[in-house]
Amino acid sequence: MRARRALSMTGWSLTLFAALLSAGCMRERTKRAVANLGGNWRRGRQVIEQYHCGACHEIPGVPHAWGLVGSPLEKFGRRTMIAGVLPNTPANLERWLRSPKAVDPLTAMPDLGLNRQQRHDVTAYLYTLR
């Protein structure tokens, strides 16, 4: 009985270790992808403030970002999906920010008219939210 329990605990430990290792690899891949976009998280926070994204979203680190229309963006960097329709990757977030209605015609998210650098900067900021 003890041997079976020890074996079960070993299997569980290996599974947990693999999951943690995988999560770490995903974080590193995300960091590299964000870096490849050339975004700056500090500028991204400024863009978020400038475009009043907090009117619709709760956004940690952004003053007066208490909106309740869109989803809260807390822990955005840990999420698996963007707006429930795209896998959460930096490239998909940039795509979403470029044209939300092209991705989901029913979304309430407006096209903000962000230029490429602004989208990269906002992406960099949102991935700091872990």
Side-chain angles (χ1 to χ4, degrees):
M1 181 71 163
R2 279 187 168 168
R4 183 181 298 164
R5 184 173 179 196
L7 187 56
S8 174
M9 290 299 287
T10 301
W12 182 85
S13 298
L14 289 173
T15 301
L16 177 61
F17 177 73
L20 292 173
L21 184 62
S22 174
C25 291
M26 287 298 291
R27 269 194 294 262
E28 285 306 312
R29 280 191 291 226
T30 299
K31 284 181 186 177
R32 282 194 304 270
V34 168
N36 288 340
L37 287 175
N40 177 293
W41 69 268
R42 286 182 180 92
R43 286 191 316 249
R45 185 177 55 210
Q46 291 171 343
V47 170
I48 288 169
E49 287 180 54
Q50 176 186 350
Y51 282 81
H52 305 285
C53 300
C56 292
H57 297 279
E58 288 183 33
I59 311 168
V62 176
H64 312 292
W66 308 311
L68 299 175
V69 176
S71 63
L73 299 179
E74 180 181 28
K75 297 181 184 174
F76 182 87
R78 293 178 161 185
R79 295 186 183 178
T80 57
M81 299 296 287
I82 298 168
V85 296
L86 292 173
N88 190 355
T89 67
N92 279 341
L93 179 55
E94 198 276 339
R95 177 179 165 205
W96 173 258
L97 293 171
R98 183 176 55 238
S99 183
K101 292 200 184 296
V103 175
D104 179 3
L106 300 178
T107 187
M109 173 90 172
D111 182 346
L112 298 172
L114 301 177
N115 67 38
R116 185 176 184 178
Q117 188 60 56
Q118 289 171 320
R119 291 190 307 266
H120 294 334
D121 294 341
V122 169
T123 296
Y125 182 75
L126 291 178
Y127 279 104
T128 68
L129 305 178
R130 305 203 55 73

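Here the structure is a predicted model, which is why all the values come from computation and not from measurement.
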Is any side-chain heavy atom of [Y] closer than 4.5 Å to one of [X]?
{"X": "Val122", "Y": "Cys53", "value": "no"}
{"X": "Lys101", "Y": "Asp111", "value": "no"}
{"X": "Leu86", "Y": "Asp104", "value": "no"}
{"X": "Met81", "Y": "Val85", "value": "no"}
{"X": "Arg119", "Y": "Arg98", "value": "yes"}
{"X": "Val47", "Y": "Tyr125", "value": "no"}

Go through the steps to decide whether Glu58 and Leu68 satisfy the test side-chain contact (heavy atoms from CB on, under 4.5 Å), and finish with yes or no. CA-CA 7 Å; Glu58 288 183 33; Leu68 299 175; 3.4 Å; yes
His64 side, atom NE2; His52 side, atom NE2 - distance, nearest 0.5 Å: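 Going from the NE2 atom of His64 to the NE2 atom of His52 covers 11.0 Å.
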CZ on Arg116 to CG on Leu97, rounded to 0.5 Å: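 It is 13.5 Å, given to the nearest 0.5 Å.
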Assigning hydrophobic clusters by single linkage (Ile, Leu, Val, Met, Phe, Trp, Tyr; side-chain heavy-atom cutoff under 4.5 Å), is Ile59 placed with Trp66?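 No, Ile59 and Trp66 fall in different hydrophobic clusters.
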Heavy-atom pair of closest approach, residues [X] and [Y]:
{"X": "Ser71", "Y": "Arg79", "result": "OG-NH1, 3.8 Å"}
{"X": "Met109", "Y": "Pro100", "result": "CG-CG, 3.4 Å"}
{"X": "Ile82", "Y": "Trp96", "result": "CG2-CG, 3.9 Å"}
{"X": "Ala124", "Y": "Gly39", "result": "CB-C, 3.7 Å"}
{"X": "Tyr51", "Y": "Leu112", "result": "CE2-O, 3.5 Å"}
{"X": "Asp121", "Y": "Asn40", "result": "OD1-N, 2.8 Å"}

For Gln50, look at atom CD and say whether over 12 heavy atoms of other residues, nucleotides or ligands are found less than 6.0 Å away.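 Buried by this count: over 12 neighbours within 6.0 Å.
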With side-chain contact (heavy atoms from CB on, under 4.5 Å) as the criterion, how do Asn88 and Tyr127 come out once you've worked through the C-alpha distance, each side chain's angles and the decisive distance to 0.1 Å? CA-CA 10 Å; Asn88 190 355; Tyr127 279 104; 2.3 Å; yes
